[in-house]
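Structure first, commentary second.
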Amino acid sequence: QVQLVESGGGLVQAGGSLRLSCAASGRTSGSGYMAWFRQAPGKEREFVAAIRWSVGSTYYTDSVKGRFTISRDNAKNTVYLQMNSLKPEDTAVYYCAADRSGIISTRVTSYDYWGQGTQVTVSS
C-alpha cells in the first residue's frame, strides 16, 4: 500500500503562486509515475502533470505548460507542483496520484493510489 498526503493549497489572487506538496509513504515504486490531477466543481477530474520517480521525466497538460512545474525529491519521497501565474480557471481540488506500472498515462483509471486532495482557489 502507498499513502499519499497533499498539502500547500489555499487562496491566492490571479497572477500569484502556490506550491503543492505530496508526501508518499509505504511501498512506492521506483519505476512508476507520480501525477497531479485536478477537479473543478461540476467537472471531471483532469490530468495536470506527471513525473517519473527514477529519471525525472515530466509531462504536462497544455493549459499549464510554462506556468506549472512538477518536481520530486527522492530522498524525501515527495513530489511538488509549483504553480505560477495562476488563473481563476485553475481553481480546483488538486489530487496527487501514484502509478506502479511505469507507463505514462493521463487517465484517472491508470493510477493506483490517490491522496485526499487539497483545495486551490484563485480569485480574480
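Heavy-atom basis, side chains included; hydrogens, waters and symmetry copies ignored. Everything numeric in this text was worked out from a predicted model, so none of it was measured. Residue numbers run from 1 in the order of the sequence given.
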Is any side-chain heavy atom of [X] closer than 4.5 Å to a side-chain heavy atom of [Y]?
{"X": "C22", "Y": "W36", "result": "yes"}
{"X": "R67", "Y": "M83", "result": "no"}
{"X": "M34", "Y": "I70", "result": "no"}

Which heavy-atom pair separates [X] from [Y] by the least distance, and what is that distance?
{"X": "D99", "Y": "S110", "answer": "OD1-O, 3.7 Å"}
{"X": "R52", "Y": "R72", "answer": "O-NE, 3.8 Å"}
{"X": "P88", "Y": "S124", "answer": "CG-CB, 3.8 Å"}
{"X": "G102", "Y": "Y33", "answer": "O-CE1, 3.4 Å"}
{"X": "G115", "Y": "Y95", "answer": "O-CD2, 3.7 Å"}
{"X": "C96", "Y": "L4", "answer": "O-CD1, 3.7 Å"}

Test log, rule side chain to side chain contact (heavy atoms under 4.5 Å, CB included), inputs Q119 and T91: CA-CA 8 Å; Q119 176 70 47; T91 295; 4.1 Å; yes
Aromatic plane relationship, Y94 with F68 - under 30° parallel, 30 to 60° tilted, over 60° perpendicular: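 Aromatic pair F68/Y94 classed tilted.
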Nearest-0.5 Å distance, OG1 of residue T61 to CZ of residue R38: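 Result: 7.5 Å between the selected atoms.
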Pair D90 + K87, salt bridge at N-O below 4.0 Å: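 Salt bridge between D90 and K87, a charged N being under 4.0 Å from a carboxylate O: no.
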Single-linkage hydrophobic cluster, 4.5 Å side-chain cutoff, V122 and Y60 together: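 V122 and Y60: one cluster.
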ILVMFWY cluster, V64 and Y80 together (side-chain gap under 4.5 Å):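 No, no single cluster joins them.
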Within the 6.0 Å centroid threshold, strictly below: Y111 and F37: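 Here the rings of F37 and Y111 have centres that are less than 6.0 Å from each other.
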I'd like to know if the side chain of [X] reaches the main chain of [Y], judged simply by a donor and an acceptor atom lying under 3.5 Å from each other, with no hydrogens or angles considered.
{"X": "Q39", "Y": "A92", "value": "no"}
{"X": "N74", "Y": "W53", "value": "yes"}
{"X": "E6", "Y": "G117", "value": "yes"}

